[in-house]
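Working notes for the structure below.
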Amino acid sequence: MAERQGVQGAIWNDRAVRLLELLGWDHIGDKNMDLKGIDEEFHGIDALACYESPGIDLKQSCLVESKKYAMGSLSATIVKGWIETLKQKIEVLSQSEDVLTEFPKLQDCCDIDLGIIMCWVHDVSDESFFEKDFEKYLSKAAILTLAKPLAYRRIVVLTNPKIIRLCSMATILQDNAYDYKFVYPSQLIKDKPLSRTKVLTIEYALSDFILAEREKKASKGEKECVIFYFGQIRQEAFMSMHEALTMFNFLEVDKNLIIYHYEDSDDSRIVMSDLEKYFSNVKVSFEPMTRFELSKEPAIIKTNSK
């Protein structure tokens with residue numbers, strides 16, 4: 001049983017890393033590594049990654065931990081243990097000269113101050129488990145912890161609902177007909193100039209709507225505005241979205257706007273029929289995103305790494 005769980009865990013780790021690669025992150029080194037910390041001890045990590053963030057001058061680096069569990073095996077104690085252990089690993093590995101020597105790519109990155117826990121629950125049938133039970137587990141653990149003056153360590157936990165939504169978006173990004181770039185308005189990146197990049201930052205990954213731009217590969221120059229929307233389709237939500245888009249100067253009269261939406265119920269389609277009024281000066285179209293099964297790992301992350 002333990003051997004089978006180890007194999008399944010390794011497979012899930014491969015798939016978790018693959019998703020990050022699809023979002024523009026770089027995987028560093030191998031997987032399932034033992035790294036030497038400043039405490040002179042070796043610490044096992046599932047993966048090490050980095051990405052270029054428009055909001056900071058250096059690349060963002062992070063430790064990745066992959067967890068595959070059954071619902072009945074999870075508890076607040078277990079989840080808190082994951083978080084506390086990962087915080088400790090970040091603390092002892094972020095300043096390790098041995099790690100920097102082994103992975104020179106980290107010299108172009110900020111100190112490791114981010115940990116990602118990719119948690120896949122393989123037998124869950126309803127998102128309410130994450131909205132109620134799992135959120136309670138997280139609430140009992142301190143996600144943000146001060147490490148030293150002017151610095152902090154972040155732990156982000158991604159579970160099935162967010163993972164399948166990101167996979168759904170990644171499926172669209174893989175469309176060979178278009179070239180996609182995420183759009184970062186200056187208001188979202190500490191007032192730096194607007195940025196377009198193929199990299200999705202962890203902050204953006206947690207958002208309910210993500211701005212992008214696409215260009216047909218066959219006809220360079222013809223660009224369209226894109227929104228990936230993961231929230232509920234409600235009049236109030238789109239009013240707020242339109243206000244944000246206006247503030248970001250995202251909408252353009254001569255550009256089509258495509259809104260990819262994850263929710264696709266009868267009620268949402270009724271609401272959508274009345275939403276074009278918020279985009280009266282823009283040609284807007286609504287496109288449903290692929291909805292993956294909650295407990296079935298999407299095929300897109302089962303492919304080989306790039």
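Numbering starts at 1 and runs along the sequence shown.
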Please examine the side chains of Tyr229 and Met241, heavy atoms only from C-beta on, and report whether any two atoms are closer than 4.5 Å. yes

Does anything in residues 76-99 pair up under ring-ring contact (aromatic ring centres under 6.0 Å, His included), and if so which pairs, sequence neighbours excluded? Tyr69-Trp82

Not counting sequence neighbours, which residues clear ring-ring contact (aromatic ring centres under 6.0 Å, His included) with Tyr178? List them please. none

For residues Cys62 and Ile116, report the shortest heavy-atom separation together with the two atoms involved. SG-CG1, 4.0 Å

Please check if the side chain of Asp123 supplies one atom and the backbone of Ala70 the other of a donor-acceptor pair under 3.5 Å. no

Residue pairs fulfilling side-chain hydrogen bond (donor to acceptor under 3.5 Å, both in side chains) with at least one residue in residues 54-65, sequence neighbours excluded: Asp57-Lys192, Gln60-Asp113, Gln60-Arg154, Glu65-Lys89

If hydrophobic clusters are built by linking Ile, Leu, Val, Met, Phe, Trp and Tyr wherever their side-chain heavy atoms come under 4.5 Å apart, do Phe130 and Leu206 end up in the same one? yes

Phe103 versus Met33: any side-chain heavy-atom pair under 4.5 Å? yes

Is the shortest side-chain heavy-atom distance between Met118 and Asp46 below 4.5 Å? no

Of the non-hydrogen atoms in Ala76 and Lys140, which two are nearest, and what is the gap between them? CB-CD, 3.8 Å

Could you give all pairs that pass the salt bridge (Lys or Arg N to Asp or Glu O under 4.0 Å) test and reach residues 228-239, with sequence neighbours left out? Arg234-Glu263

CD1 of Ile258 to CD1 of Ile227: how many Å apart, nearest 0.5 Å? 9.5 Å

Salt bridge (Lys or Arg N to Asp or Glu O under 4.0 Å) contacts touching residues 68-77 (sequence neighbours left out): Lys68-Glu297

Donor-acceptor pairs under 3.5 Å, side chain of residues 182-190 to any protein atom, not counting sequence neighbours: which ones?
from: Tyr184; atom 1: OH; to: Val199; atom 2: O; distance (Å): 2.6
from: Tyr184; atom 1: OH; to: Thr201; atom 2: N; distance (Å): 3.0
from: Gln187; atom 1: NE2; to: Met247; atom 2: O; distance (Å): 2.9

Going by side-chain hydrogen bond (donor to acceptor under 3.5 Å, both in side chains), Ser66 matches just one of Asn32, Asp14, Asn13. Which one? Asn13

Does a salt bridge link Lys181 with Glu213, judged by any charged N lying under 4.0 Å from a carboxylate O? no

Just wondering, do His27 and Leu20 contact through their side chains at under 4.5 Å, heavy atoms? no

Can you name the ring-ring contact (aromatic ring centres under 6.0 Å, His included) partners of Phe279, sequence neighbours left out? His242

Answer whether the closest heavy-atom distance between the side chains of Ile301 and Cys167 falls below 4.5 Å. yes

Around atom CE of Met71, are there more than 12 heavy atoms from other residues, nucleotides or ligands closer than 6.0 Å? yes

Got a list of side-chain donor-acceptor pairs under 3.5 Å for residues 49-56, not counting sequence neighbours?
from: Tyr51; atom 1: OH; to: Ile202; atom 2: N; distance (Å): 3.3
from: Ser53; atom 1: OG; to: Gly55; atom 2: N; distance (Å): 3.3

Show, in sequence, the C-alpha distance, side-chain angles and deciding distance for Phe248 and Leu194, and conclude whether the side-chain contact (heavy atoms from CB on, under 4.5 Å) test is met. CA-CA 9 Å; Phe248 296 154; Leu194 181 145; over 6 Å; no

Given the rule in the side-chain contact (heavy atoms from CB on, under 4.5 Å) test, do Leu166 and Leu22 qualify, once you have shown the distances and angles that lead to the verdict? CA-CA 9 Å; Leu166 292 174; Leu22 288 170; over 6 Å; no

Spacing of Leu63 atom CG and His43 atom NE2 [to the nearest 0.5 Å]: 11.0 Å

Specify whether Tyr137 and Phe129 have parallel, tilted or perpendicular ring planes, treating 30° as the upper limit for parallel and 60° as the lower limit for perpendicular. perpendicular

Shared ILVMFWY cluster between Val99 and Ile38, side chains joined below 4.5 angstrom? yes

What is the minimum heavy-atom distance between Ile172 and Tyr260, and which atoms define it? CD1-CD2, 3.5 Å

Atom pair CG (Asp133) and OG (Ser75), whose distance is rounded to the nearest 0.5 Å: 11.5 Å

What distance do Leu257 atom CG and Lys283 atom NZ have between them, rounded to the nearest 0.5 Å? 12.0 Å

Are side-chain heavy atoms of Leu158 and Leu19 found at a separation under 4.5 Å? no

Taking a hydrophobic cluster as the set of Ile, Leu, Val, Met, Phe, Trp and Tyr residues connected by side-chain heavy atoms closer than 4.5 Å, whether directly or through intermediates, do Phe286 and Met239 fall within one such cluster? yes

Go through Tyr204 and Leu211 one step at a time and tell me if the side-chain contact (heavy atoms from CB on, under 4.5 Å) criterion holds. CA-CA 9 Å; Tyr204 230 168; Leu211 308 181; 3.3 Å; yes

Out of curiosity, Thr159 OG1 to Leu138 CG, how far, rounded to the nearest 0.5 Å? 8.0 Å

To the nearest 0.5 Å, atom SG of Cys109 lies from atom CG of Leu48 at 8.0 Å

With sequence neighbours excluded, tell me which residues meet side-chain hydrogen bond (donor to acceptor under 3.5 Å, both in side chains) with Asp179. Lys198

Where at least one partner belongs to residues 166-176, residue pairs that pass side-chain hydrogen bond (donor to acceptor under 3.5 Å, both in side chains), sequence neighbours excluded: none

Minimal heavy-atom distance between Ala212 and Phe228, with the atoms involved, is CB-CE1, 3.9 Å

Exactly one of Gln88, Lys80, Lys87 should register a side-chain hydrogen bond (donor to acceptor under 3.5 Å, both in side chains) with Glu84. Which one does? Lys87

Is any NZ, NE, NH1 or NH2 atom of the basic residue among Asp26 and Lys105 found under 4.0 Å from an Asp or Glu carboxylate oxygen of the other? yes

Ile117 vs Val79, side-chain contact (heavy atoms from CB on, under 4.5 Å): CA-CA, chis, key distance, verdict: CA-CA 10 Å; Ile117 297 175; Val79 173; over 6 Å; no

For Glu127, the side-chain hydrogen bond (donor to acceptor under 3.5 Å, both in side chains) test, sequence neighbours excluded, returns Arg165

Minimum side-chain heavy-atom gap Ile164-Trp120 below 4.5 Å: yes

Where Lys136 and Ser139 come nearest, the two heavy atoms and their spacing: O-OG, 2.7 Å

Please say whether more than 12 non-hydrogen atoms of neighbouring residues, nucleotides or ligands are located less than 6.0 Å from NZ in Lys217. yes

Do Leu100 and Glu97 touch side chain to side chain, with heavy atoms closer than 4.5 Å? yes

Taking all atoms of both residues into account, what is the closest heavy-atom pair of Ile163 and Trp12, and its distance? CD1-CZ2, 3.9 Å

Under the salt bridge (charged side-chain N to carboxylate O under 4.0 Å, His left out) rule, collect the residues that match up with Glu40, sequence neighbours excluded. Lys36

Among the clusters formed by ILVMFWY side chains lying less than 4.5 Å apart, do Ile78 and Phe134 turn up in the same one? yes

